[in-house]
Amino acid sequence: MDQFREIFIYKRYFLDFYDQSESDVQSKIEWTLNLIQYTQRVPIKYLRYLEGTFGLYEIRVELKSNIYRIFCFFDNDKLVILCNGFQKKSQKTPKREIERALRIKREYQNERQ
């Protein structure tokens with residue numbers, strides 16, 4: 001099976017969210033991350049670019065009536081860097097979560113230089 005992308009967990013931002021999630025949510029997150037790694041064209045239902053965020057994407061996880069989001073970005077096209085995750089409780093994505101993901105992205109990029 002061809003792997004199209006590699007997932008990289010940067011520091012503990014994503015893991016803090018993951019570790020606090022129920023086991024069925026963790027399983028669905030793992031399934032979705034696996035899909036992103038091994039599917040050449042990932043459907044927008046699972047991975048979507050966030051307009052106006054300079055390269056930020058959201059991984060979309062749904063389980064029953066609950067919606068979860070994990071922010072990420074690409075490094076060298078094939079490496080997906082995971083940022084923060086959260087449970088989405090309203091129609092609009094909270095601005096503070098987007099700002100947090102952008103801070104994490106800047107932190108990562110500063111360390112890479």
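Here the CG atom belonging to Asn66 is positioned 10.5 Å from the OG atom belonging to Ser21, to the nearest 0.5 angstrom. For the atom pair CD of Glu6 and CG of Asn76, the computed distance is 10.5 Å after rounding to the nearest 0.5 Å. Taken to the nearest 0.5 Å, the CZ atom of Arg96 stands 10.0 Å off from the CD atom of Glu99.
The aromatic ring centres of Tyr57 and Phe74 sit less than 6.0 Å apart.
Side-chain heavy atoms closer than 4.5 Å link hydrophobic residues (I, L, V, M, F, W, Y) into clusters, and following such links, possibly through other members, connects Ile7 to Trp31. Residues Phe86 and Leu102 fall within the same hydrophobic cluster, defined by Ile, Leu, Val, Met, Phe, Trp and Tyr side chains chained together at heavy-atom separations under 4.5 Å. When the side chains of ILVMFWY residues are joined at heavy-atom separations under 4.5 Å, either directly or via intervening members, Val61 and Phe17 end up in a single hydrophobic cluster. Each of Leu50 and Ile59 belongs to its own hydrophobic cluster when Ile, Leu, Val, Met, Phe, Trp and Tyr are linked at side-chain heavy-atom distances under 4.5 angstrom. Hydrophobic clustering of Ile, Leu, Val, Met, Phe, Trp and Tyr side chains at less than 4.5 Å, counting indirect connections, unites Leu35 with Ile29.
For the residue pair Cys83 and Ala101, the shortest heavy atom distance occurs at SG-O, 3.9 Å. Smallest separation of non-hydrogen atoms from Leu47 and Arg60: N-CD, 4.4 Å. Looking at every heavy atom in both residues, Arg100 comes nearest to Asn84 through NH1-CB, 3.4 Å. For the pair Arg48 and Ile44, the tightest heavy-atom approach, listed with the atom from each and the gap, is CG-CG1, 3.8 Å. Listed here is the closest heavy atom pair of Arg5 and Thr39: NH1-O, 2.7 Å. When all heavy atoms of Ile36 and Val42 are compared, the closest pair comes out as CA-CG2, 3.9 Å.
Put simply, the side chain of Tyr68 reaches to within 4.5 Å of the side chain of Val25, judged on heavy atoms. In this structure, the side chains of Lys64 and Lys28 stay at 4.5 Å or more apart for every pair of heavy atoms. Side-chain atoms of Ile67 and Gln87, non-hydrogen and from C-beta on, never get closer than 4.5 Å to each other. Under the 4.5 Å side-chain criterion, counting only non-hydrogen atoms from C-beta, Glu22 is not in contact with Leu63. With a 4.5 Å cut-off on side-chain heavy atoms, Phe8 and Asp75 do not count as touching. Side-chain contact check for Glu30 versus Leu33: every heavy-atom pair is 4.5 Å or farther apart. Side-chain contact between Leu82 and Tyr18: absent, with no pair of heavy atoms (C-beta onward) separated by less than 4.5 Å. Taking the side chain as every heavy atom from C-beta outward, Glu58 and Thr93 approach each other to under 4.5 Å.
Applying the 6.0 Å contact sphere to CZ of Arg12 captures more than 12 heavy atoms from other residues, nucleotides or ligands. Shown here is Glu111, whose CD atom has more than 12 heavy atoms of other residues, nucleotides or ligands within 6.0 Å. Under a cut-off of 6.0 angstrom, the local environment of CG in Asp19 is crowded, with over 12 non-hydrogen atoms contributed by other residues, nucleotides or ligands.
The ring pair (Phe, Tyr, Trp, His ring centres under 6.0 Å) check on Phe4 picks up nothing, with sequence neighbours excluded. Taking Tyr108 as the reference, Tyr10, Phe73 meet the ring pair (Phe, Tyr, Trp, His ring centres under 6.0 Å) condition, with sequence neighbours excluded.
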Checking Lys105 against Ile81 for the side-chain contact (heavy atoms from CB on, under 4.5 Å) test, could you report, in this order, the C-alpha distance in whole Å, the side-chain angles of both residues, the deciding distance, and whether it holds? CA-CA 8 Å; Lys105 182 178 181 231; Ile81 314 298; over 6 Å; no
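Checking Glu107 against Tyr13 by side-chain atom types alone, a donor-acceptor pair falls below 3.5 Å.
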